[in-house]
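Each chain gets a letter, A, B and so on, in the order its sequence line appears, and its residues count up from 1.
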Amino acid sequence: MKFTKSYEPGEFEPQIYAEWEKTGVFQPRKIVAESYEAETQDCYSVVMPPPNANGNLHIGHGLTIALEDSLVRYNRLRGKSTWYVPGADHAGFETWVVYERALEKQGRTRFEYSRDELYARVWQFVQEQRGNMELQLRALGASCAWPDLTFTLDENVVSRVYQTFEKMWNDGMIYRGEKLVNFCPKHQTAFADIEVEHKDEEGKLWEVAYQLVSVPEDMIDSASDFTKREIVVSTTRPETIFGDTAVAVNPADERYQDMIGGLVKLPLTERVIPIIADEHAEMEYGTGAVKITPAHDFDDFEVGERHGLERIRVIGEDGKMTAAAGEKYAGLTTEECRKQVLENLEAQGLLRGEKKITHAVAHCYKCGAVIEPMLKAQWFIDVKRLAKAAIEHLERGEIKFHPANKKKVLINYLEGLKDWNISRQIPWGIPIPAFRQTETQDAPEWIFDIRTNLQKIEVGGVHYYRDEDTFDTWFSSSHWPVVCTNWLPGKENPYYPLNVMETGADILFAWVARMIMMGVYVTGEVPFREVYLHGLVLDEHGQKMSKSKGNVINPMELVTKYGSDAFRLGILRGRSAGMNQAFSENSVMAGRNLCNKLWNISRFIQGMVDESHSGSVVAAEMIQAEAEAEVVNEGAVQAGAELPYSTDNMGEDWICRELTACKDEIEDDMANYRFSEAVETLYSVIWDKYADWFIESQKIYKNVPLLKMTLEMILKMLHPFAPFVTEAIWQSLSWTEGLLIVQKWPTRLVFDAVSAQNFESLMVVVSETRRVLTELSGASKGKKWTLLYGDDSLVDDNQLLLTKLTGVASVISCEGQPRGLRLALVNHEVYLDVPAEIVAEYRDNLEQRILSVGRELDALNLRMMNPNYVDKAPAALVKQTRDGIAEKTALIERLKGELRVIE
RNA sequence: GGGUCGCUAGCUCAGUUGGCUAGAGCAUCUCGUUUACACCGAGAGGGUCGGGGGUUCGAGUCCCUCGCGACCCACCA
């Protein structure tokens with residue numbers, strides 16, 4: 001391959017990915033087999049949160065892949081047998097909604113088909129749509145084990161879920177109960193608590209008078225005129241009046257003491273209901289009296305339980321009033337009914353007031369419809385036991401969280417968790433393996449059986465009928481780490497628990513909590529050792545992305561435009577665990593620029609390598625020989641150290657030091673999931689250090705073996721984050737072999753510390769010279785000045801390098817006769833040989849500089865004058881301050897000397 | 001009602017256990033046709049770290065308090 005002038009990601013990415021995949025490097029080296037001996041230390045496992053099988057990847061997936069794949073590639077380079085298991089989600093409800101919409105477009109409804117027909121149709125639909133997301137994962141560079149891709153409806157998933165269900169069934173943790181559930185009338189299904197969205201909304205609180213028809217006997221005297229009396233209740237849902245079975249007041253409420261135990265006539269009906277005392281009624285709220293509708297309100301349901309009240313369903317699953325509401329109202333929508341009820345109450349003079357209030361209203365998270373609390377027989381899991389065990393493992397510190405505070409948040413959630421409704425009335429999902437004795441919806445006897453492909457089964461001569469409901473997808477996906485790693489009871493599995501679970505912070509409760517509960521329940525172990533939660537990717541202004549706002553960023557467009565690596569680098573930068581953070585194309589552009597920079601660094605190095613093998617080698621060697629003649633390499637390499645190259649100048653020791661520090665930092669960052677910092681470190685070492693200083697210095701002193709070795713090291717270190725460009729370079733270089741993806745992570749380099757330090761000192765000379773030169777450029781544009789030096793061996797040894805880096809005409813000794821402008825350097829005697837009039841022009845700058853250094857000096861002196869500081873601060877710090885004072889004092893003296901020369 | 005997080009340069013964010021003159025990317029300004037790169041190079045400007053108080057020799061960092069913003073949980077009729 002030949003190096004083009006700039007890196008074109010599109011020309012490399014597809015082929016490179018195909019080659020990785022083809023050669024099998026994504027597969028774990030160690031597989032789970034009968035004879036496998038566990039060497040957990042060598043294994044590293046991550047499972048992908050499964051994207052919707054028939055969907056497209058969004059920006060959140062892009063972040064997930066960037067994070068997970070970086071971890072996986074980093075650990076692969078570190079020699080681990082990595083297993084990154086990809087997944088695809090049948091996404092029960094999500095997909096069902098999409099399918100039902102498509103069905104409706106054809107003018108059909110779900111009611112025209114049987115459950116099995118619908119299931120088959122959605123299966124077909126998903127197969128037709130499938131595949132995009134998998135291509136997109138490849139485009140993002142996910143180095144996952146494709147042959148092990150797990151679909152959430154795969155046979156092994158279903159059978160594992162059934163085993164758990166059976167275990168829970170036998171453990172008495174599953175029960176069927178008629179309880180109030182969150183029901184979406186649009187989608188005709190129940191939801192778990194976690195799936196409903198509460199939104200504060202404007203509403204109205206009406207006050208309705210209920211006439212008393214009797215009072216308790218012992219109070220007959222005090223309420224002799226009770227027939228004229230009434231009790232005014234407060235309600236936000238007058239349409240549910242037909243379901244009222246009591247009016248509740250607080251037992252401590254003096255206003256209503258004499259009414260407790262009495263009866264009222266329910267307005268608009270002929271029914272008579274009791275007045276009861278219950279803590280649920282708050283004295284301060286509204287009138288203090290509340291109507292109780294056990295079949296349509298979660299609180300009232302509980303009140304009803306406590307008082308043994310009847311549950312009357314007045315709203316049906318279609319969201320319309322039932323016959324129980326009376327023939328005048330049956331069939332009306334709740335909204336229409338409310339209107340009529342209010343009108344009729346008004347007409348009868350029973351409406352006593354109305355005021356605006358703000359209250360939380362439950363909505364379907366998908367369609368926004370108001371959730372109707374509905375009385376339904378459903379399967380529930382008694383989660384107390386699950387939660388308790390999970391909390392115990394969490395409190396023992398078996399899972400490390402990033403960010404750490406999420407552990408507390410999770411425990412807090414688990415402690416208050418209520419029983420979990422796992423029945424869903426949608427056909428697309430895993431059928432619940434339960435059969436009832438009768439054909440009607442509810443039956444006294446249920447049995448567990450996994451023959452869910454049959455509607456009717458026979459057991460011991462008795463017929464049983466399948467429950468038509470499916471599992472909540474979170475019930476099956478809570479098994480994800482277990483099923484993806486093929487965990488089996490009694491069998492060693494070095495990939496379970498996972499090393500880390502990476503997913504969005506938004507599904508901490510819905511998914512992470514359930515995986516932990518289920519993992520502990522099924523395997524007795526936590527399912528993962530660490531959890532990394534990423535926040536939401538917001539748009540560039542910090543706004544949530546949404547279709548309606550039109551600010552959605554498509555990751556695939558960015559990949560096409562700037563390359564996969566650029567996208568990955570861009571999305572990782574400036575991002576930390578658990579935080580919702582803004583994202584813009586700018587950061588992707590910066591990533592693209594880095595890729596191009598590295599590409600050109602490599603192109604340049606390849607050029608030097610080629611040169612050293614060709615005819616022009618003579619010229620190169622001459623320069624090098626010339627350079628070496630000038631260099632007195634004072635810093636000896638550490639005794640006993642063996643180097644794969646020889647260090648000929650200080651810059652080489654310096655870059656070895658910097659690259660080693662970089663390597664250490666990346667290891668530290670990755671151990672702590674500090675992706676952004678790792679990328680930042682690499683960015684700075686490649687650009688600000690390697691390219692700006694080392695490569696520049698290598699234009700004078702060529703050390704080809706070192707150039708090769710350091711470039712390889714950089715490629716390896718950047719590979720986890722920018723896999724394509726690094727592999728493309730690796731493939732394009734003339735001397736490298738094999739695939740970069742399976743190379744060995746670099747080791748520390750040996751360097752001479754004194755030499756490295758000297759180079760840094762020289763860098764200061766260069767920077768100062770450049771700064772002064774730009775400041776002078778106005779008056780003396782285009783002229784090339786000479787740099788003079790006095791008693792300065794470091795400068796003396798590096799004339800060529802200084803000339804190259806500063807762009808001066810030459811660097812020569814002033815031979816004891818200093819002239820021109822002295823640079824404001826503490827440890828060096830260097831002059832810029834400009835005429836006196838230019839030095840005079842520099843006078844203002846000099847004065848400013850003196851003032852500024854003076855201020856710094858004052859600050860240091862002030863610190864030293866504080867006896868407490870000298871006493872209590874660490875000695876090293878105090879010494880530093882002292883040295884600083886000495887340096888700055890000397891510097892000021894010099895600058896003042898300059899000023900005197902000018903005058 | 002309970003809880004979490006954030007407020008640092010024009011923008012988006014770093015700043016790990018308190019310690020040199022608070023950093024980066026992008027943006028802005030000046031200069032630059034040095035044969036790896038204009039997806040570049042050299043330089044510059046820009047912050048009383050949300051307000052107030054406290055602890056400390058020393059606070060962006062720890063504590064208290066107030067303000068603003070975001071999010072999560074919760075059955076207030």
Protein-nucleotides 36-40 of chain B N/O pairs closer than 3.5 Å?
{"residue": "B:A36", "atom": "O3'", "partner": "A:Arg603", "partner atom": "NH2", "Å": "3.2"}
{"residue": "B:A36", "atom": "O2'", "partner": "A:Asn600", "partner atom": "OD1", "Å": "2.4"}
{"residue": "B:A36", "atom": "O2'", "partner": "A:Arg603", "partner atom": "NE", "Å": "3.3"}
{"residue": "B:A36", "atom": "O2'", "partner": "A:Arg603", "partner atom": "NH2", "Å": "3.0"}
{"residue": "B:A36", "atom": "N7", "partner": "A:Lys699", "partner atom": "NZ", "Å": "3.2"}
{"residue": "B:A36", "atom": "N6", "partner": "A:Glu696", "partner atom": "OE2", "Å": "2.8"}
{"residue": "B:A36", "atom": "N3", "partner": "A:Asn600", "partner atom": "O", "Å": "3.4"}
{"residue": "B:C37", "atom": "O4'", "partner": "A:Asn600", "partner atom": "OD1", "Å": "2.9"}
{"residue": "B:C37", "atom": "O4'", "partner": "A:Asn600", "partner atom": "ND2", "Å": "3.4"}
{"residue": "B:C37", "atom": "O2'", "partner": "A:Asn596", "partner atom": "OD1", "Å": "3.2"}
{"residue": "B:C37", "atom": "O2", "partner": "A:Lys597", "partner atom": "NZ", "Å": "3.0"}
{"residue": "B:C37", "atom": "N3", "partner": "A:Lys597", "partner atom": "NZ", "Å": "2.9"}
{"residue": "B:C39", "atom": "O4'", "partner": "A:Asn593", "partner atom": "OD1", "Å": "3.1"}
{"residue": "B:C39", "atom": "O2'", "partner": "A:Asn596", "partner atom": "OD1", "Å": "3.0"}
{"residue": "B:C39", "atom": "O2", "partner": "A:Arg592", "partner atom": "NE", "Å": "3.2"}
{"residue": "B:C40", "atom": "OP1", "partner": "A:Asn593", "partner atom": "ND2", "Å": "3.4"}
{"residue": "B:C40", "atom": "O3'", "partner": "A:Lys597", "partner atom": "NZ", "Å": "3.2"}

OH/A:Tyr562 to CG/A:Asn596 distance, rounded to the nearest 0.5 angstrom?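 With rounding to 0.5 Å, OH (A:Tyr562) is 13.5 Å from CG (A:Asn596).
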
Nucleotide [N], atom [atom2] - distance to [atom1] of [X] in whole Å:
| X | N | atom1 | atom2 | value |
| --- | --- | --- | --- | --- |
| A:Leu857 | B:C20 | CG | P | 18 Å |
| A:Asn586 | B:C11 | CG | P | 14 Å |
| A:Leu414 | B:C73 | CG | P | 14 Å |
| A:Tyr365 | B:C73 | OH | P | 13 Å |
| A:Arg863 | B:G19 | CZ | P | 12 Å |
| A:Lys544 | B:G69 | NZ | C1' | 15 Å |
| A:Asp193 | B:C72 | CG | P | 16 Å |

Between A:Gln698 (side chain) and A:Asn703 (backbone), is there a donor-acceptor pair under 3.5 Å?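 Looks like yes, one N/O pair under 3.5 Å.
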
Got a donor-acceptor contact below 3.5 angstrom from the A:Asn600 side chain to the A:Arg603 backbone?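 Looks like no, no N/O pair under 3.5 Å.
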
Out of [options], which has the shortest distance to the side chain of [X]?
| X | options | answer |
| --- | --- | --- |
| A:Ala360 | B:C73, B:U21, B:C76 | B:C76 |
| A:Tyr869 | B:A74, B:C20, B:C57 | B:C57 |
| A:Asn405 | B:C5, B:C75, B:G19 | B:C5 |
| A:His198 | B:C13, B:A77, B:A74 | B:A74 |
| A:Asn868 | B:C57, B:A74, B:C76 | B:C57 |
| A:Gln581 | B:A24, B:A14, B:A77 | B:A14 |

Between [N] and [M], how many Å separate the two [atom1] atoms, rounded to a whole number?
| N | M | atom1 | answer |
| --- | --- | --- | --- |
| B:G46 | B:G41 | C1' | 22 Å |
| B:U48 | B:U33 | C1' | 45 Å |
| B:G47 | B:U65 | C1' | 25 Å |
| B:U55 | B:G60 | P | 16 Å |

Just checking, [X] and [Y]: is the charged tip under 6.0 Å from the six-membered ring centre and within 45° of the axis?
| X | Y | answer |
| --- | --- | --- |
| A:Arg770 | A:Trp693 | yes |
| A:Arg573 | A:Tyr683 | yes |
| A:Lys408 | A:Phe401 | no |

Salt bridge [X]-[Y], side-chain N to carboxylate O under 4.0 Å:
| X | Y | value |
| --- | --- | --- |
| A:Lys179 | A:Glu302 | no |
| A:Glu207 | A:Arg352 | no |
| A:Glu201 | A:Lys199 | no |

Establish whether the base of B:U16 is bridged to the side chain of A:Arg674 by a donor-acceptor pair shorter than 3.5 Å.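 Looking at the base of B:U16, it does pair with a donor or acceptor on the side chain of A:Arg674 (distance under 3.5 Å).
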
Let's test your reading of the model: under 3.5 Å, does the base of B:U34 pair with the side chain of A:Lys784 as donor and acceptor?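 Answer no: no donor N or O sits under 3.5 Å from an acceptor.
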
A:Lys418: what forms a side chain to side chain contact (heavy atoms under 4.5 Å, CB included) with it, not counting sequence neighbours?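 For A:Lys418 the side chain to side chain contact (heavy atoms under 4.5 Å, CB included) partners, ignoring immediate neighbours, are A:Asp193.
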
Taking the side chain as every heavy atom from C-beta outward, state whether A:Leu558 and A:Phe583 have any pair of such atoms under 4.5 Å apart.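 Yes, at least one pair of side-chain atoms sits under 4.5 Å.
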
Under a 3.5 Å cut-off for both contacts, is B:C68 paired Watson-Crick or G-U wobble with anything, and if yes, with which nucleotide?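 B:G6 is the nucleotide pairing with B:C68.
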
Both A:Asn580 and A:Glu282 contact RNA chain B. Taking the nearest nucleotide for each, which residue is further toward the 5' end?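 The residue whose closest nucleotide sits nearer the 5' end is A:Asn580.
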
RNA chain B: 5'-proximal contact among A:Ser234 and A:Gly574 (nearest heavy atom):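 Per heavy-atom nearest nucleotide, the more 5' residue is A:Gly574.
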
Does B:U4 have OP1 or OP2 sitting under 4.0 Å from an N or O in the side chain of A:Lys408?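 True: A:Lys408 side-chain N/O within range (under 4.0 Å) of B:U4 OP1/OP2.
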
Protein-nucleic acid N or O pairs under 3.5 Å, nucleotides 44-48 of chain B:
none

